[in-house]
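These numbers come from the heavy atoms of this one structure, side chains and all, not from hydrogens, waters or symmetry mates.
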Amino acid sequence: MVTIKDVAKAANVSPSTVSRVISGNNRISDTTRVKVLSVMKELDYQPNHAARTLVTKQSNTVGIIQKSENKETRQNPFIIDVLAGIYKSCKAQGYATISTTSEQYENIELEVSHMISYHAVDGFILLYSKENDMIEQLLAQHNMPYVVVGNPLLDQQVIHIDNNNVEAAEQLTRYLVSIGHTNFLFLAECGNYEVVKDRIKGFSNILKQQKQTALIEYFDMNYQSIKSYFHHLIIHNALPSVIITSDTMLNHILLSVLYELQLHVPTDIQTATFNDSYLTEFAAPPQTAVDIHPDLLGEVAGDSIIQLMRREHIINFNKVIPTEIIKRVSTQLIKREQ
C-alpha cells in the first residue's frame with residue numbers, strides 16, 4: 001500500500017509537506033502543491049482521513065446545524081436550496097459536509113457537542129438565527145469557527161449571510177397596498193426566529209405609515225389549527241383581503257385550507273409569501289413571492305466558513321443577498337365598485 005512517505009520520496013519533498021498539501025494548507029506554493037498532487041494521482045495514493053484527523057485534529061468537514069430534521073424542514077424548498085448551495089461550494093473546495101439529524105432541540109445540541117468533542121468537523125454553518133440560542137453559545141464557548149444564515153445576536157463579530165428581510169417585507173407590503181389592499185393578515189411561523197421578526201417588522205412599518213392595523217397571527221405547521229382559525233373568520237365575516245405568510249410551507253398549508261373552505265384565490269382572497277420555489281411557481285394558483293435566492297445564501301455560507309477555517313482575512317462580516325418580488329396571479333389589482 002502506498003504511504004505518505006512514498007509520495008514524499010517520489011515528489012522530492014518531506015512527508016510534512018505532503019501532509020500540508022492534503023490538509024489544504026495555504027502556505028504551500030502552487031508549484032509544490034501541483035507537483036505533490038500529480039504524484040499522488042500517479043501512485044494512486046488514498047489519504048487516510050481518519051488517521052489524519054486524529055493527528056491534526058482537522059477533518060476537512062463542515063458541520064451544518066438545522067433547526068430540526070422533521071418532515072416539514074426536510075421538504076422545505078428553502079432548506080433544500082440552501083443545502084444545495086452549501087454542498088456545491090464545499091465540494092468545489094475539497095470539503096465534506098455533515099448535517100444534524102435530530103428533530104428535538106436538546107438532541108441537536110447533543111449532536112453538535114459530540115461533533116466538537118470528536119473533532120468530526122472543522123467549523124459549522126448555522127441555518128437559523130434565534131435569540132438566546134444555546135447552540136450558538138456552545139460554538140462560541142468552544143471557539144469553533146461558524147457562520148450564521150441569518151442575523152447573529154451575540155456580542156461579537158460573526159459572519160452572517162442574510163437578506164434584508166425588513167426591506168423585503170416592506171417592498172412586498174408596499175406592492176400589496178399599491179394594488180388596493182387595506183385589510184391585511186400576516187401568518188407567521190412560531191419559534192421566535194429572527195427572520196420572522198424581521199419580516200413582521202417590515203410588514204408593520206408599511207401599515208403604520210398607511211395608518212392601518214397590522215394583524216399578525218402565529219401558527220405551528222398544523223393544518224387543523226389554521227383551518228379552525230379561518231373557519232372562525234368566515235363565521236364572523238372577518239376575512240382579510242390578502243394574507244402574507246412568513247414561509248413557503250406555511251403558504252402551502254394555507255392554500256389547502258382555503259381550498260377546503262371553498263375560498264378562491266385571487267377572487268375571494270389574495271395570498272403572497274416569502275421564498276420563491278417550485279411550490280409557489282406551480283401552486284394553484286401560482287403565488288406572488290419574494291425571491292430570497294436561497295441557493296446563493298448557501299454558496300456564500302459555504303465559501304465563508306471555509307475562509308474562516310483556513311484563517312483567511314475576512315473583510316465583510318455582513319453579507320446581504322438581494323431579493324426581488326415575483327408577481328403572479330395570486331395577487332391582482334382590486335377593482336373598486338363605482
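When hydrophobic clusters are built by joining Ile, Leu, Val, Met, Phe, Trp and Tyr residues whose side-chain heavy atoms come closer than 4.5 Å, directly or via intermediates, F184 is not grouped with I269. Hydrophobic clustering, with ILVMFWY side chains joined whenever heavy atoms are under 4.5 angstrom apart, keeps L258 apart from V329. Y229 and V265 end up in the same hydrophobic cluster when Ile, Leu, Val, Met, Phe, Trp and Tyr side chains are linked at under 4.5 Å.
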Quiz item: For M144 and I116, what are the C-alpha separation, side-chain angles and deciding distance, and is it a side chain to side chain contact (heavy atoms under 4.5 Å, CB included)?
Solution: CA-CA 8 Å; M144 289 298 301; I116 295 172; 4.0 Å; yes
Walk me through whether R199 and E170 qualify under salt bridge (charged side-chain N to carboxylate O under 4.0 Å, His left out).
CA-CA 8 Å; R199 289 170 181 172; E170 288 177 344; over 6 Å; no
Test salt bridge (charged side-chain N to carboxylate O under 4.0 Å, His left out) applied to K197 and E131, step by step:
CA-CA 11 Å; K197 293 180 183 178; E131 194 171 6; 2.9 Å; yes
Side chain to side chain contact (heavy atoms under 4.5 Å, CB included), that's the test. Do L296 and I161 meet it? Break it down for me.
CA-CA 10 Å; L296 187 53; I161 303 94; over 6 Å; no
Determine whether D268 and Q262 satisfy the following criterion, side-chain hydrogen bond (donor to acceptor under 3.5 Å, both in side chains), listing intermediate values before the conclusion. CA-CA 9 Å; D268 297 329; Q262 298 183 354; over 6 Å; no
- Dump the intermediate steps for salt bridge (charged side-chain N to carboxylate O under 4.0 Å, His left out) on E299 and K88, then the final yes or no. CA-CA 7 Å; E299 284 188 44; K88 179 181 178 181; 3.6 Å; yes
* Asked: Taking it one step at a time, do R310 and D122 satisfy salt bridge (charged side-chain N to carboxylate O under 4.0 Å, His left out)?
  -> CA-CA 10 Å; R310 290 176 173 172; D122 300 328; over 6 Å; no
Test side chain to side chain contact (heavy atoms under 4.5 Å, CB included) on V257 and Y223; report intermediate values, then the result. CA-CA 7 Å; V257 167; Y223 180 90; 3.6 Å; yes
Worked verdict on T73 versus K67 for side-chain hydrogen bond (donor to acceptor under 3.5 Å, both in side chains):
CA-CA 8 Å; T73 300; K67 63 182 180 181; 5.8 Å; no
| message | Using the rule given for side chain to side chain contact (heavy atoms under 4.5 Å, CB included), can you reason through F78 versus L297, listing the C-alpha separation, both sets of side-chain angles and the distance that settles it, and then say yes or no? | response | CA-CA 10 Å; F78 171 78; L297 284 166; 3.9 Å; yes
Given the rule in the side-chain hydrogen bond (donor to acceptor under 3.5 Å, both in side chains) test, do S29 and T31 qualify, once you have shown the distances and angles that lead to the verdict?
CA-CA 5 Å; S29 70; T31 302; 4.8 Å; no
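Judged purely by distance below 3.5 Å, without hydrogens or angles, the side chains of S228 and S225 never pair a donor atom with an acceptor atom. A side-chain N or O of N70 and one of S68 form a donor-acceptor pair less than 3.5 Å apart. Side-chain contact of D198 with Y193: a donor-acceptor pair under 3.5 Å is absent, judged by distance alone. No donor-acceptor contact under 3.5 angstrom links the side chains of T323 and N163, judged on distance only.
Residue I4 comes nearest to P15 through the heavy atom pair CD1-O, 3.8 Å, listed as atom of the first residue, atom of the second, then distance. For the residue pair V196 and E189, the shortest heavy atom distance occurs at CG1-O, 4.0 Å. Across E69 and T100, no two heavy atoms sit closer than the pair OE1-O, 4.1 Å. Residue A272 comes nearest to N251 through the heavy atom pair O-ND2, 4.3 Å, listed as atom of the first residue, atom of the second, then distance. Smallest separation of non-hydrogen atoms from S99 and Q66: OG-NE2, 3.0 Å. For the pair S246 and A188, the tightest heavy-atom approach, listed with the atom from each and the gap, is OG-CA, 3.5 Å.
Between F186 and F203, the ring planes are tilted. Angles from 30° to 60° get that label.
For the atom pair L83 CG and T97 OG1, the distance stands at 8.0 Å (nearest 0.5 Å). Put simply, CG on N205 and OG1 on T173 are 9.0 Å apart, with the number rounded to the nearest 0.5 Å. We find the NE2-CZ distance between H142 and F124 to be 9.5 Å, quoted to the nearest 0.5 Å. Between L254 atom CG and L185 atom CG the span is 8.5 Å, to the nearest 0.5 Å. From H160, atom NE2 reaches atom CD of E194 across 11.0 Å, with rounding to the nearest 0.5 Å. To the nearest 0.5 angstrom, Q287 atom CD is 7.5 Å from T273 atom OG1.
Within the 4.5 Å cutoff, side-chain heavy atoms of F230 are placed close to those of L187. By the 4.5 Å heavy-atom criterion applied to side chains, T271 and V242 are not counted as neighbours. Put simply, the side chain of F274 does not reach to within 4.5 Å of the side chain of V195, judged on heavy atoms. Using a 4.5 Å heavy-atom threshold, the side chains of I305 and M309 count as touching. Contact annotation: the side chain of V13 approaches that of V36 to within less than 4.5 Å [non-hydrogen atoms, C-beta and beyond]. Annotation: side chain of M249 is in contact with side chain of L279 (closest heavy-atom distance under 4.5 Å). Contact annotation: the side chain of C90 approaches that of I86 to within less than 4.5 Å [non-hydrogen atoms, C-beta and beyond]. Here the side chains of I244 and L172 are in contact, with some heavy-atom distance below 4.5 Å.
Formation of a donor-acceptor pair under 3.5 Å by the D220 side chain with backbone atoms of N222 is not found in this model. Side chain of S38 to backbone of V34: no donor-acceptor contact under 3.5 angstrom is found. Remark: side-chain polar atoms of Q157 are not paired, donor with acceptor, to backbone N or O of F317 under 3.5 angstrom. Remark: side-chain polar atoms of H252 are not paired, donor with acceptor, to backbone N or O of T248 under 3.5 angstrom. Of the possible polar contacts, one joining the S330 side chain to the T288 backbone as a donor-acceptor pair under 3.5 Å is found. A donor-acceptor pair under 3.5 Å is absent between the side-chain atoms of T280 and the main chain of D276, judged by distance alone. At least one donor-acceptor pair under 3.5 Å links the side chain of Y105 to the backbone N or O of M134. At least one donor-acceptor pair closer than 3.5 Å links the side chain of T61 to the backbone N or O of S59.
Remark: T213 engages no residue in a side chain to side chain contact (heavy atoms under 4.5 Å, CB included) (not counting sequence neighbours).
Between V62 and the choices I98, I125, V121, the side chain to side chain contact (heavy atoms under 4.5 Å, CB included) rule is met once, by I125.
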